[in-house]
Amino acid sequence: MKEVLSHSFLIKFTIFYIILISLVTGIDNILISIYAVQIFHLGNLGVGFFYGALGIGLVSSYSITRHLKKNFIAGGLSCLILEGIMLILLSFSTHAAVAFIIFVFTALFSGTCNACFNTILMQAVPLETRGTFFGMIQALSNSLIAASMLAAGACVDLVTPRILGRSGGLFFILISIVLVILFGFHKKKMKENKSEDALH
């Protein structure tokens with residue numbers, strides 16, 4: 001596992017993405033029920049209503065991911081930005097029907113983003129370590145999401161759900177910008193190394 005991590009920028013890049021996203025995802029997870037019950041006053045029916053929207057979005061993401069053949073990082077980061085924008089729009093929504101549509105698109109972009117980064121890992125991680133690797137990543141991600149949900153639950157007592165949701169969306173966009181910069185630096189370094197090798 002150490003050898004796999006040390007020799008692959010893409011794996012380290014994707015793990016960094018998973019850690020950052022897991023630390024923010026808890027906000028979305030707790031706000032689904034809060035939006036349904038406290039904001040739109042739909043009760044338990046509204047919770048099912050919005051979770052159904054997420055299901056529609058995730059299933060629909062297949063219509064995008066099946067066409068992706070390359071540029072998975074660009075595709076994943078683009079969808080991450082769009083997901084953040086959807087979460088910000090959701091925090092301003094005043095109608096349940098509009099919120100339903102936004103939830104569909106949020107899950108659509110989220111599913112596409114996850115598919116892109118999972119594909120990167122499937123291609124980069126050797127077959128003999130793939131099971132152990134994905135098990136460790138899943139355990140790490142779930143632990144961080146649980147901690148994120150706990151922190152988000154505490155924040156609900158300090159700020160309004162809409163402000164918290166807006167902050168979550170901004171965090172998604174900020175994370176995508178950080179990852180774009182990080183990947184840009186890596187590509188620049190790779191070009192410089194190739195130029196040096198060509199000179200020698």
Side-chain angles (χ1 to χ4, degrees), residues 13-44 46-58 60-61 73-118 137-138 140-184:
F13 181 83
T14 306
I15 291 175
F16 188 53
Y17 152 81
I18 291 171
I19 291 172
L20 292 178
I21 292 302
S22 298
L23 288 171
V24 181
T25 300
I27 296 175
D28 308 332
N29 288 352
I30 68 162
L31 283 181
I32 295 172
S33 300
I34 293 175
Y35 275 128
V37 177
Q38 295 184 14
I39 303 299
F40 297 105
H41 308 290
L42 298 174
N44 293 332
V47 177
F49 187 63
F50 288 150
Y51 271 104
L54 294 178
I56 293 172
L58 286 174
S60 301
S61 66
I73 288 181
L77 294 178
S78 298
C79 287
L80 185 59
I81 293 174
L82 291 171
E83 185 180 356
I85 292 172
M86 289 297 106
L87 292 173
I88 293 173
L89 291 177
L90 181 63
S91 70
F92 288 102
S93 175
T94 56
H95 298 284
V98 174
F100 180 90
I101 295 172
I102 294 174
F103 270 120
V104 170
F105 280 99
T106 300
L108 174 69
F109 295 130
S110 176
T112 305
C113 179
N114 289 335
C116 287
F117 282 100
N118 283 333
I137 289 299
Q138 195 66 37
L140 174 63
S141 176
N142 289 340
S143 299
L144 293 176
I145 290 173
S148 174
M149 290 179 68
L150 183 64
C155 289
V156 169
D157 295 329
L158 303 175
V159 298
T160 65
R162 290 189 182 277
I163 291 177
L164 186 61
R166 212 164 298 156
S167 300
L170 289 172
F171 278 130
F172 271 77
I173 295 173
L174 179 61
I175 288 170
S176 63
I177 292 172
V178 169
L179 292 173
V180 167
I181 294 172
L182 181 62
F183 188 70

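In this chain, numbering begins with 1 at the start of the sequence shown.
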Can you name the closest pair of heavy atoms from [X] and [Y] and give their distance?
X    : Y    : answer
G153 : I30  : N-CD1, 3.5 Å
S148 : G26  : OG-N, 3.1 Å
V37  : G43  : CG2-O, 4.0 Å
T112 : L108 : OG1-O, 2.8 Å
T25  : F172 : OG1-CZ, 4.4 Å
F50  : A96  : CE2-O, 3.9 Å

Is [X] reaching over with its side chain to a backbone N or O of [Y], donor-acceptor style, under 3.5 angstrom?
X    : Y    : result
S22  : I18  : yes
R166 : F92  : no
S141 : I137 : no
S61  : L58  : yes

Nearest 0.5 Å, please: how far is [atom2] in [Y] from [atom1] in [X]?
X    : Y    : atom1 : atom2 : value
I21  : C113 : CD1   : SG    : 6.5 Å
L77  : L82  : CG    : CG    : 11.0 Å
I145 : L140 : CD1   : CG    : 9.5 Å
I175 : L20  : CD1   : CG    : 5.0 Å
D28  : L54  : CG    : CG    : 9.0 Å
I177 : I81  : CD1   : CD1   : 6.5 Å

request  = Show your working on side-chain contact (heavy atoms from CB on, under 4.5 Å) between Y51 and I56 and close with a plain yes or no.
outcome  = CA-CA 9 Å; Y51 271 104; I56 293 172; over 6 Å; no
message = Are I85 and L89 packed together at the side-chain level, in the sense that at least one heavy-atom pair is separated by less than 4.5 angstrom?
response = yes
key: Student check: side-chain heavy atoms of F109 and L80 closer than 4.5 Å   = no
task = Test L90 against M86 for side-chain contact (heavy atoms from CB on, under 4.5 Å), laying out the working first.
result = CA-CA 6 Å; L90 181 63; M86 289 297 106; over 6 Å; no
inquiry  = For F49 together with F100, are the ring centres under 6.0 Å from each other?
reply    = yes
key: Ring center gap for F183 and F13 short of 6.0 angstrom   = yes
message = Take a 6.0 Å sphere around CZ of F105 and say whether it holds more than 12 heavy atoms from other residues, nucleotides or ligands.
response = no
task = Take N118 and T14, measure what side-chain contact (heavy atoms from CB on, under 4.5 Å) needs, and give me the verdict at the end.
result = CA-CA 8 Å; N118 283 333; T14 306; over 6 Å; no
inquiry  = Applying side-chain contact (heavy atoms from CB on, under 4.5 Å) to Y35 and S91, what does each step give before you reach the verdict?
reply    = CA-CA 9 Å; Y35 275 128; S91 70; 3.7 Å; yes
